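The figures that follow rest on heavy atoms only: side chains count, while hydrogens, waters and symmetry mates do not. Please read these numbers as outputs of a predicted model, since none were measured by experiment.
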Amino acid sequence: MTSKVYPDAAASLEGLLFQGMTIMAGGFGLCGVPENLILALRNSGVMDLTVIGNNVGCDNHGMWHVLTNGQIKKVLASYVGENKVLEQLYMNGGIEIEFNPQGTLAERIRAGGAGIPAFYTRTGYGTAVAEGKETRQFQGEWHVMETGLTADLSLVKAWKGDTEGNLVYRKTARNFNPMIATAGNVTVAEVEELVQPGELEPDQIHTPGIFVQRIFKGTQYVKYIERLTTRPRQAAAAGEAH
Amino acid sequence: MTSKVYPDAAASLEGLLFQGMTIMAGGFGLCGVPENLILALRNSGVMDLTVIGNNVGCDNHGMWHVLTNGQIKKVLASYVGENKVLEQLYMNGGIEIEFNPQGTLAERIRAGGAGIPAFYTRTGYGTAVAEGKETRQFQGEWHVMETGLTADLSLVKAWKGDTEGNLVYRKTARNFNPMIATAGNVTVAEVEELVQPGELEPDQIHTPGIFVQRIFKGTQYVKYIERLTTRPRQAAAAGEAH
Amino acid sequence: MAWTREEMAARAARELRDGYYVNLGVGIPTLVANMIPPGIKVTLQSENGMLGMGPFPYEGEADPDLINAGKQTITELPHSSYFSSADSFGMIRGGHINLSILGGMQVNEQGDLANWMVPGKMIKGMGGAMDLVAGVPRVVVVMEHTEKSGAPKFKRQCTLPLTGTAVVDLLITELGAFEIDSRGGGATLIELADGVGLDEIQSKTEAHFRVCSTLA
Amino acid sequence: MAWTREEMAARAARELRDGYYVNLGVGIPTLVANMIPPGIKVTLQSENGMLGMGPFPYEGEADPDLINAGKQTITELPHSSYFSSADSFGMIRGGHINLSILGGMQVNEQGDLANWMVPGKMIKGMGGAMDLVAGVPRVVVVMEHTEKSGAPKFKRQCTLPLTGTAVVDLLITELGAFEIDSRGGGATLIELADGVGLDEIQSKTEAHFRVCSTLA
């Protein structure tokens with residue numbers, strides 16, 4: 001019987017990469033990012049990628065590595081701040097970016113994974129986002145038609161996963177990973193802990209294994225914090241207002 | 001501060017019911033059905049209801065009680081077998097039924113809760129389900145436009161819930177409950193165990209409390225099994241083939 | 001000798017491949033669960049919201065919160081997962097289930113399927129059948145070759161209300177198996193039950209079909 | 001005396017009601033989190049996938065897996081829950097968040113909002129702003145009344161690319177507060193900062209607005 005388990009990121013990408021392909025990657029900012037897979041993608045040198053994700057890394061981290069290696073031709077994202085290389089490339093016309101409202105991007109990916117070719121949303125009506133798109137009224141309100149998104153390859157990061165590909169995410173590291181897992185022609189998952197079937201509670205699995213074709217235990221997670229915000233311990237009483 | 005907690009089903013429905021209203025109820029067959037709420041709905045005697053759910057109870061159980069009490073005018077469902085009263089009413093023209101493919105019904109409710117007025121699906125193209133609906137090709141394949149569904153009131157059943165309305169379902173009793181919780185103008189949840197905030201793991205909440213306006217601890221759950229299927233213990237080895 | 005119900009299920013089971021996620025309808029398709037070939041791993045989906053469907057529970061251990069789409073009590077396996085009906089049909093509509101094996105009332109030579117209602121009779125609803133045939137890339141239908149009256153069920157055009165158009169990829173009856181090209185290429189008889197002759201199957205079939213060269 | 005940033009946030013905090021689920025943008029709106037009136041319960045949503053956002057962690061206790069939509073490290077509360085970005089924006093788009101308080105670059109008298117890009121300058125993307133203004137039933141914008149140049153930001157028509165049309169319900173600046181009828185009824189000045197005169201706010205505003213009778 002074929003196993004979904006691979007020894008590392010490089011092995012897990014073997015045979016999946018080709019020039020001009022579309023790749024989705026999970027993460028919000030640098031939270032819940034498939035760090036090992038992104039480095040293996042950089043090391044592969046595969047070119048002319050279209051990359052779909054909420055962000056495209058930030059300076060020195062995440063998808064920034066693939067970007068600065070000149071491998072990305074086009075980006076679909078909702079926010080690309082804190083990434084000087086990308087901003088510079090974009091302003092110089094060195095890269096194409098299609099900006100999507102964050103919720104529209106999330107829903108387009110969910111739709112792609114769920115076999116829904118298009119849906120309507122109020123988001124973006126009357127703005128640049130609606131340009132060139134079909135608009136239409138439902139119950140007197142204007143909506144924009146948005147299409148589902150799929151990818152040749154989806155890269156996701158989970159906290160725990162079992163050898164069957166069942167995944168559990170941790171806190172806000174969940175973000176775009178669950179939808180992206182459903183929208184890849186092939187989905188590869190990296191996990192902090194790889195466990196045996198039966199160790200994850202069936203009621204608490206966020207991504208069922210059907211969506212994951214390959215899985216491996218990631219290593220050396222950096223989990224870089226973009227904006228470390230803390231409060232001094234003595235200010236506890238005041239800080240707990242909400 | 002207002003509390004979401006009510007003492008029982010009757011109290012939880014107070015002020016919410018009116019003639020001609022639309023009510024969604026969770027459950028698949030008799031699994032994960034809001035039993036206490038349905039009995040309170042029957043006892044209220046509110047008339048001319050449109051009821052949305054995968055099924056409408058089965059003989060002597062669940063929404064059958066409301067149906068036989070003559071309170072239902074119209075049903076949206078995917079399957080109404082094992083319910084002789086409903087079948088009889090339907091064949092005699094005593095009730096209107098709009099049949100929806102199960103996945104389309106689930107997605108229409110999810111869309112309603114998520115602010116999506118319409119979406120396209122391949123399901124039902126070329127069948128009676130597509131009659132009178134817009135059809136359209138995406139990437140060479142024909143699709144049907146389906147609209148989002150919402151309700152005046154949603155009734156759901158969960159395993160555990162906290163006083164903030166966070167819900168956790170158990171096994172296949174989850175079914176339609178999570179989407180239905182999102183699609184009600186008001187959502188009332190009954191739970192087998194009502195716990196304090198902090199007792200449910202934040203990563204494992206299936207329905208965040210934002211969707212639940214009222215909650216109570218249900219009593220006397222019948223959990224009737226429609227088709228009890230078992231195997232004798234001595235046949236264990238053979239029965240475990242899959 | 002025409003195939004028995006078990007032999008029809010066994011023929012359907014030959015469509016299983018290692019690593020497949022499969023949805024089985026009620027009736028003969030359910031029997032396929034007990035015929036998974038050794039050495040391959042197949043995960044069964046139940047469209048009410050479960051992957052990794054296990055066998056029936058032991059007597060006295062049935063859990064009312066754990067049923068399959070046929071409302072039967074079942075059990076979970078170590079790799080099982082539960083999810084909502086929306087997520088379940090996202091899986092189905094999105095093409096993630098590899099194979100669906102369903103019952104049928106009529107199939108036509110273009111792969112149209114009718115299996116949910118007979119006008120004038122009690123209407124129960126289509127449940128998840130329309131979603132399954134529309135979403136699953138490979139659909140196998142297992143049905144009796146003819147009505148009790150002898151009327152053919154594999155037809156030029158279905159006369160019953162459709163479940164889906166151009167959706168059936170393989171039709172298995174007690175007389176044999178037909179591959180159907182749902183892209184418009186028509187039907188081909190690819191197998192005959194032991195002792196069933198070409199004449200017999202042709203006389204009991206209304207659909208046009210080619211005959212695989214090994215059978216002609 | 002015009003309102004300070006804290007006073008603007010305090011004015012926005014007066015829009016909070018018991019039981020509200022609220023999404024706060026970056027900048028002045030974030031200050032509102034510390035100004036929730038006593039005796040009412042407000043739950044903060046972070047659109048990257050969390051309800052029940054808690055305060056910043058103590059020094060040394062930051063968790064890289066727990067950030068808000070501004071990428072800041074935060075903490076969870078007993079009633080917190082996590083969910084995917086699709087579920088999060090389902091919540092937002094579906095109208096389940098009661099109130100959103102956002103920053104702005106320009107607002108017009110019909111409630112149009114521009115707050116995501118300046119042509120010719122670095123474009124970072126709209127993030128979740130377009131979804132929030134389209135989906136949340138009540139949108140409050142808190143912004144400086146004028147550009148550094150003195151040019152009015154509350155305008156007849158926005159000149160910057162829009163985030164949404166007819167979406168702003170309340171505009172709070174350092175000079176006062178305007179209620180805007182996003183169904184086409186125009187803007188009304190409903191409050192003036194202490195010591196700010198009607199003449200001053202009129203001279204610094206391009207938008208047409210009525211004046212609430214108590215201020216006239």
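Only the side chain of B/Arg174 comes within less than 4.5 Å of a heavy atom of chain A; its backbone N, CA, C and O stay farther away. For A/Phe138, the part lying under 4.5 angstrom from a heavy atom of chain B is the side chain only. Interface remark: A/Arg170 contributes backbone and side-chain atoms alike to the contact with chain B (heavy atom separation under 4.5 Å). Contact of A/Gln139 with chain B is not made at all, since no heavy-atom distance falls under 4.5 Å.
The candidate with the highest count of non-hydrogen atom pairs below 4.5 Å against chain B, out of A/Lys171, A/Arg122, A/Arg110, is A/Arg110.
Among residues 193-215 of chain B, the residues having any heavy atom closer than 4.5 Å to a heavy atom of chain A are, in sequence order, B/Asp203, B/Gln204, B/His206.
Of all heavy-atom pairs spanning A/Ile116 and B/Tyr120, the tightest one is CG2-O, 3.6 Å.
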